[in-house]
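Notes for the one structure printed next.
For reference, positions follow the sequence shown, starting with 1.
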Amino acid sequence: LLTYDSDGRPRLTVTVENKTPTLAVFTAQNGIPPSSDYATRDVRGIFPVLDFDNSTSESIYFVGLMPMQYQNNGITAYLYFTSDATSGDVDWDISFDRLTSADLDIDGNSFGDVSSSDGNNVSGTAGVITIATWSIASGSAMDNVVAGDMFMVKLTRDIADTAAGDANFLALELRGQ
């Protein structure tokens with residue numbers, strides 16, 4: 001936008017907009033375990049991780065606040081993990097629970113639809129980071145979370161995958177679409 005100040009000098013205004021902003025980042029330290037079948041805290045090298053077994057469907061919760069720059073167009077999830085396995089794939093499921101004053105009390109959960117990321121091949125070297133990505137539509141897949149809402153994310157390893165041993169969760173990033 002080109003404007004002129006009171007002395008007639010031109011002023012150029014440029015607006016830069018990030019179309020896919022990072023909305024939330026959760027690390028292993030942010031995890032809240034459910035009452036049973038939860039991912040266990042561990043350390044890999046010097047990095048805190050959450051271990052998800054390959055024999056039990058384990059979960060972990062994260063609580064966030066959806067920033068106002070979220071445009072209600074859905075999100076892309078980026079999940080950073082390593083594996084004890086050097087072959088096979090790890091499958092992940094995410095579901096959202098909207099937490100607002102108009103919803104049920106927080107003594108219970110009401111997660112929306114499950115969104116899955118399947119077939120995430122692990123590295124041939126144990127400990128090398130793999131990044132699973134998947135799109136999650138706005139609406140029921142996100143339990144109708146909108147900008148300004150508090151929310152909970154439930155992350156689960158889908159044990160229908162083929163990687164033997166633990167999947168070691170490092171971080172989850174949610175970006176706007």
Side-chain angles (χ1 to χ4, degrees), residues 18 20-70 74-86 89-100 103 105-112 114-118 120-123 125-136 141-143 145 147-159 161 163-177:
N18 183 354
T20 58
T22 295
L23 302 170
V25 174
F26 303 108
T27 63
Q29 299 97 312
N30 302 127
I32 302 168
S35 59
S36 63
D37 296 329
Y38 49 86
T40 53
R41 296 185 190 282
D42 199 358
V43 175
R44 182 154 194 150
I46 62 167
F47 297 96
V49 296
L50 294 170
D51 289 341
F52 287 81
D53 292 346
N54 67 324
S55 59
T56 303
S57 183
E58 294 179 331
S59 299
I60 198 76
Y61 300 136
F62 301 101
V63 174
L65 197 63
M66 189 60 73
M68 295 308 291
Q69 73 256 35
Y70 175 55
I75 62 167
T76 302
Y78 295 83
L79 193 148
Y80 298 77
F81 72 98
T82 66
S83 178
D84 294 344
T86 55
D89 68 282
V90 176
D91 300 342
W92 298 99
D93 294 333
I94 283 184
S95 54
F96 285 79
D97 185 7
R98 183 179 182 197
L99 305 171
T100 67
D103 290 328
D105 68 45
I106 62 172
D107 292 331
N109 301 52
S110 59
F111 288 97
V114 172
S115 298
S116 299
S117 176
D118 297 334
N120 301 290
N121 293 325
V122 300
S123 172
T125 304
V128 172
I129 295 173
T130 299
I131 303 171
T133 63
W134 66 106
S135 293
I136 302 169
M142 291 182 56
D143 198 28
V145 172
D149 283 350
M150 190 174 184
F151 65 94
M152 182 181 292
V153 173
K154 179 182 180 182
L155 176 66
T156 305
R157 180 179 180 182
D158 179 350
I159 58 170
D161 61 23
D166 289 343
N168 314 123
F169 169 88
L170 290 159
L172 173 66
E173 177 188 11
L174 304 179
R175 289 188 201 163
Q177 292 183 342

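For N120 (side chain) and V90 (main-chain N/O), a donor-acceptor pair under 3.5 Å exists by modelled atom type. The main-chain N or O of R98 is found under 3.5 Å from a side-chain atom of D143 such that the two form a donor-acceptor pair. Without hydrogens or angle criteria, D161 side chain to D91 main chain gives a donor-acceptor distance under 3.5 Å.
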Note to self: Would T82 and L170 count as a side-chain contact (heavy atoms from CB on, under 4.5 Å) here? Give the steps.
What the structure shows: CA-CA 8 Å; T82 66; L170 290 159; 4.0 Å; yes

Next item on the list: Carefully, step by step, assess D53 and D166 under the rule side-chain contact (heavy atoms from CB on, under 4.5 Å).
Entry: CA-CA 5 Å; D53 292 346; D166 289 343; 3.0 Å; yes

Notebook entry, point to check: Given I75 and F96, is the side-chain contact (heavy atoms from CB on, under 4.5 Å) satisfied, shown in steps?
Noted result: CA-CA 12 Å; I75 62 167; F96 285 79; 3.4 Å; yes

Notebook entry, point to check: Passes side-chain contact (heavy atoms from CB on, under 4.5 Å), L155 versus L79? Steps please.
Noted result: CA-CA 10 Å; L155 176 66; L79 193 148; 3.4 Å; yes

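There is no side-chain donor-acceptor pair under 3.5 Å between T56 and E58. No hydrogens or angles considered: a donor-acceptor pair under 3.5 Å links the side chains of D51 and N168.
Counting heavy atoms from C-beta outward, T20 and Q177 have side chains that stay 4.5 Å or more apart. In this structure, the side chains of P48 and T27 stay at 4.5 Å or more apart for every pair of heavy atoms.
Among all heavy-atom pairs drawn from A24 and F151, the shortest one is CB-CZ, 4.4 Å. Closest approach of A85 and V122 over heavy atoms only: O-CG2, 3.8 Å. Taking every heavy atom of both residues into account, L23 and M66 meet most closely at CD1-SD, 3.8 Å. F52 and I60 make their closest contact through CZ-CG2, 3.8 Å (heavy atoms, listed as atom of the first residue, atom of the second, distance). Nearest approach of S115 to W134, heavy atoms of both residues: O-NE1, 3.6 Å. The shortest heavy-atom contact between R44 and A126 is NH2-C, 3.5 Å.
The aromatic rings of F26 and F62 lie parallel to each other, with less than 30° between the two planes, well short of the 60° mark. Ring pair F111/Y61 is parallel by interplanar angle, where below 30° counts as parallel and above 60° as perpendicular.
Results of the side chain to side chain donor-acceptor pair (under 3.5 Å) test with D93 over S59, S116, S117 single out S116 as the only residue that passes.
Rounding to the nearest 0.5 Å gives a distance of 7.0 Å between CG of L174 and CD1 of I136. Within the model, atoms NZ of K154 and CD1 of I94 stand 12.0 Å from one another, a figure rounded to the nearest 0.5 Å. Distance check: Y78 OH to T133 OG1 gives 6.0 Å after rounding to the nearest 0.5 Å. Note that the CD1 atom of I129 and the OG atom of S83 stand 13.0 Å from one another [nearest 0.5 Å].
Between R157 and D37 there is no salt bridge, since none of the side-chain N atoms of the basic residue sits less than 4.0 Å from a carboxylate O of the acidic one.
The 12-atom threshold is exceeded at OH of Y80, counting heavy atoms of other residues, nucleotides or ligands nearer than 6.0 Å.
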